[in-house]
There are 2 protein chains.
Amino acid sequence: MNGTKLDHDEDAAAALRQTSLRVTKQRVAVLEAVRDHPHTDTETVIRSVRESLPAVSHQAVYDSLHTLTEVGLLRCIKPSGSVARYERRIGDNHHHLVCRSCSLIVDVDCTIGQAPCLTPSHDAGFVIDQAEVTFWGLCPDCAAAGAQLTGDDQFSAV
Amino acid sequence: MNGTKLDHDEDAAAALRQTSLRVTKQRVAVLEAVRDHPHTDTETVIRSVRESLPAVSHQAVYDSLHTLTEVGLLRCIKPSGSVARYERRIGDNHHHLVCRSCSLIVDVDCTIGQAPCLTPSHDAGFVIDQAEVTFWGLCPDCAAAGAQLTGDDQFSAV
DNA sequence: CTGCTTATCTTGAACGAGTCAAGGAAAGTG
DNA sequence: CACTTTCCTTGACTCGTTCAAGATAAGCAG
């Protein structure tokens, strides 16, 4: 466990060193937290990070998430109605399944190819670099529980 | 012009009558505003509505947009980093092109079929009802102007 | 190893889109 | 026309996020 933790730390630190960013314990912890809990929101990342670094400020986490996203170590997703969520899987152009009832987010591999993976019928002259696909529906549990969806879920979902 | 305006009003009123909603001038004006300015945010809708109804409260507009979306007369989209935007084209499962530089949003017809129009490779047991596709890139103007995109645009775009 | 420079973090205030709640207005009904 | 219920106005408020100033520490040169 400790070895694993250290490996993770080292891995995170190595990833940071490959950028021009300074390797700080806050950033390593943030990278760790997102790896361990994919699709988590900032609030949860803050809680995770505070398990090992009780004194981190929320601002440090916000800053780290932004910076790490900028340099491409993290990816930020914001499904409609959701706060920002982060994930470590980057560069593979995968997509997401989102449950309208419980907000569960699941990765779906993109079988079409690399970004943008789809091309619109008319591109209106745009230079397109990414096709972001979000599948909306009910997760197995919510579907089984017969979750009733109202139009309002368009606002409250996720 | 006046005839056109009245026609629009009548059309909007008719749409409202087909629901169980009361036909109020605020709702008619909101429906009008969104039809005339697709992909507008709430702030802009408020301004548009106040041209004919100077005294509407922002809450009335927020409520109307929500209610009209619930009954299916409007569709709400929220590209990453953007506030809520509304459009009148509904039920045709079209998608959007979003400019990372100037936030311009353009409709793209879905040529694949009706919702969900795409099926993921593995659905993880989800019951999927919609595939929301957002194409990101640069609009013709921004591409021509050689807009430089930084990683930061992931946050500031739209 | 030490000191320096500059990126990063802490602290705490502030912002903006959106929501909540109470009471008054007006749409639809009989 | 009066009544009921939905809808609107008013104004306070929340929450995720950002801004700004000063303190801290990472990386580097010596």
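Naming convention: chains lettered A, B, ... in sequence-line order (proteins, then strands); numbering from 1 in each chain. All values below come from the heavy atoms of this structure, side chains included, with hydrogens, waters and symmetry mates left out.
As rounded to whole Å, 12 Å separates atom C1' of dC15(D) from atom CG of D41(A). Distance, D63(A) CG to dA7(C) P: 14 Å, rounded to whole Å. Counting to the nearest Å, the P atom of dT10(C) and the CD1 atom of I46(A) are 11 Å from each other. Between the CG atom of L16(A) and the C1' atom of dA26(D) there is a distance of 12 Å, rounded to whole Å. Taking atom CD on Q59(B) and atom C1' on dT6(D), their separation rounds to 15 Å, with Å as the unit. Across the protein-nucleic acid pair, R27(A) atom CZ and dG27(D) atom C1' stand 13 Å apart, rounded to whole Å. One interatomic measurement links the two molecules: NZ of K78(A) to C1' of dT17(D), which rounds to 9 Å at whole-angstrom precision. Spacing between atom OH of Y62(A) and atom P of dT18(D) amounts to 7 Å, rounded to whole angstrom units.
Distance from the side chain of S57(B) is smallest to dT9(D) among dT17(D), dT10(C), dT9(D).
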Checklist entry - Are R89(A) and D109(A) close enough, and set up right, to give a salt bridge (Lys or Arg N to Asp or Glu O under 4.0 Å), and what steps lead you there? => result CA-CA 11 Å; R89(A) 270 187 77 180; D109(A) 287 319; 2.8 Å; yes
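Residue H58(A) places no side-chain N or O under 4.0 Å from the OP1 or OP2 atom of dC9(C).
A donor-acceptor pair is defined here as one N or O able to donate and one able to accept, closer than 3.5 Å; no such pair exists between the side chain of S82(B) and the backbone of K78(B).
For the residue pair H95(B)/D107(B), the side-chain donor-acceptor check at 3.5 Å is not satisfied.
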Checklist entry - Once each nucleotide of nucleotides 24-30 of chain C is scored for protein heavy atoms under 4.0 Å, what B/S/- sequence comes out, 5' to 3'? => result --BBS--
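Heavy-atom minimum distance, H37(A) versus S48(A): CD2-OG, 3.6 Å.
A salt bridge is defined here as a Lys NZ or Arg NE, NH1 or NH2 lying under 4.0 Å from an Asp or Glu carboxylate O, and D36(A) with R88(A) fails to meet this definition. A salt bridge does not link D63(B) with R27(B): every distance from a Lys NZ or Arg NE/NH1/NH2 to an Asp or Glu carboxylate oxygen is 4.0 Å or more.
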